[in-house]
Amino acid sequence: MKKAVINTGGKQYLVSEGDELDVEMINSGKKDAEFDSLLVYENGKINIGDPIVKGSKVTASILDGEVLQHKVTSIRYKAKKRVHKLRGHRQKQARIKIKSIK
């Protein structure tokens, strides 16, 4: 079983072939995306990149281009002053499926 660590959107993910995951929004406009791998694990052998593994690519297909995360709210409140502020934010993400690790 092949596993790899990829870097996208400022975060690192441990993936294997066939995995589905939500990552930061990908503005490619294509159906496929390629990622450089930082680490590759295959048959008990580990290849660690400096910073990426040479000749290794992770190919993924974009299933849904825009998925919204759960809403995050922040509240600013001061007691006895009639001051309160409520803000909300929903991060846009893309759902991908890992096709191959080469």
Side-chain angles (χ1 to χ4, degrees):
M1 173 190 275
K2 282 188 178 182
K3 289 188 177 190
V5 175
I6 61 171
N7 185 15
T8 178
K11 298 179 181 86
Q12 295 178 358
Y13 299 95
L14 177 66
V15 297
S16 60
E17 293 179 354
D19 283 353
E20 288 186 16
L21 62 144
D22 294 336
V23 297
E24 295 288 323
M25 190 71 174
I26 301 171
N27 294 328
S28 65
K30 300 178 184 175
K31 295 181 180 179
D32 291 336
E34 281 192 353
F35 303 102
D36 294 324
S37 56
L38 306 175
L39 180 140
V40 176
Y41 173 79
E42 181 180 10
N43 299 328
K45 186 178 177 186
I46 299 175
N47 293 331
I48 299 174
D50 185 23
I52 60 173
V53 178
K54 303 259 191 248
S56 178
K57 292 282 183 187
V58 177
T59 307
S61 61
I62 300 173
L63 300 177
D64 194 0
E66 189 170 315
V67 177
L68 291 176
Q69 216 177 28
H70 293 293
K71 186 172 231 179
V72 177
T73 57
S74 65
I75 300 170
R76 180 175 162 241
Y77 175 78
K78 292 191 176 185
K80 302 177 190 172
K81 300 292 182 185
R82 294 185 184 175
V83 174
H84 63 280
K85 185 85 169 183
L86 177 67
R87 289 184 219 132
H89 176 73
R90 291 185 80 175
Q91 187 71 30
K92 292 181 182 177
Q93 294 185 327
R95 181 161 291 141
I96 62 170
K97 182 172 184 174
I98 306 298
K99 292 197 304 189
S100 66
I101 299 172
K102 296 181 181 178

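What's counted below: heavy atoms across the whole structure, side chains too, no hydrogens, waters or symmetry copies. Bear in mind that the values here come from a model prediction, so they are computed numbers and not experimental data.
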Residues forming a side chain to side chain donor-acceptor pair (under 3.5 Å) with K11, sequence neighbours excluded: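 Counting only residues at least two positions away or on another chain, K11 forms a side chain to side chain donor-acceptor pair (under 3.5 Å) with E24.
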
Would you kindly confirm whether [X] and [Y] end up in one hydrophobic cluster when ILVMFWY residues are joined by side chain heavy atoms under 4.5 Å apart?
| X | Y | answer |
| --- | --- | --- |
| V15 | I26 | yes |
| V23 | M25 | no |
| Y41 | M1 | no |

Closest contact, heavy atoms only, I101 versus S16: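 Closest heavy-atom pair between I101 and S16: CD1-CA, 4.0 Å.
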
Identify the two heavy atoms, one from Y13 and one from D22, that lie closest to each other, and give their separation to 0.1 Å.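 Shortest heavy-atom separation between Y13 and D22 comes out as OH-O, 3.9 Å.
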
Answer yes or no: are there more than 12 heavy-atom neighbours, outside K2 itself, under 6.0 Å from its atom NZ?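 Yes, NZ of K2 has more than 12 neighbouring heavy atoms, counting only those of other groups under 6.0 Å.
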
When you look at CZ of R90, are more than 12 heavy atoms from neighbouring residues, nucleotides or ligands closer to it than 6.0 Å?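 More than 12 within 6.0 Å, yes.
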
Separation between [atom1] of [X] and [atom2] of [Y], rounded to the nearest 0.5 Å:
| X | Y | atom1 | atom2 | answer |
| --- | --- | --- | --- | --- |
| L21 | I6 | CG | CD1 | 6.0 Å |
| H84 | R76 | NE2 | CZ | 11.5 Å |
| I62 | K31 | CD1 | NZ | 11.0 Å |

How would you list, by chain and number, every residue that makes a side chain to side chain contact (heavy atoms under 4.5 Å, CB included) with K45, sequence neighbours excluded?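 With sequence neighbours excluded, K45 shows a side chain to side chain contact (heavy atoms under 4.5 Å, CB included) to N47, given in chain and number order.
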
Quick one: side chain to side chain contact (heavy atoms under 4.5 Å, CB included) partners of L38, sequence neighbours excluded?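 Listed in chain order: V5, N7, Q12, I52.
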
Please report the C-alpha distance between I96 and F35 in whole Å, then the side-chain angles of each, then the deciding distance to 0.1 Å, and finally whether the side-chain contact (heavy atoms from CB on, under 4.5 Å) criterion is met. CA-CA 12 Å; I96 62 170; F35 303 102; 3.9 Å; yes

Does the pair K97 and D19 meet the rule for a salt bridge (charged side-chain N to carboxylate O under 4.0 Å, His left out), with working shown? CA-CA 6 Å; K97 182 172 184 174; D19 283 353; over 6 Å; no

Should side-chain heavy atoms under 4.5 Å link Ile, Leu, Val, Met, Phe, Trp and Tyr, which residues sit in the same cluster as V53?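 Once heavy-atom contacts under 4.5 Å are chained together, V53 belongs with V40.
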
Identify, with sequence neighbours excluded, every residue that meets salt bridge (charged side-chain N to carboxylate O under 4.0 Å, His left out) alongside D32.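 D32: salt bridge (charged side-chain N to carboxylate O under 4.0 Å, His left out) contacts with K99.
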
Non-hydrogen side-chain atoms of R87 and H89 separated by less than 4.5 Å: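 The answer is no, as the side chains (C-beta and beyond) never meet within the 4.5 Å cut-off.
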
Could you go through residues 63-75 and list every donor-acceptor pair under 3.5 Å that involves a side-chain atom there, pairing it with any protein atom two or more places apart or in another chain?
none

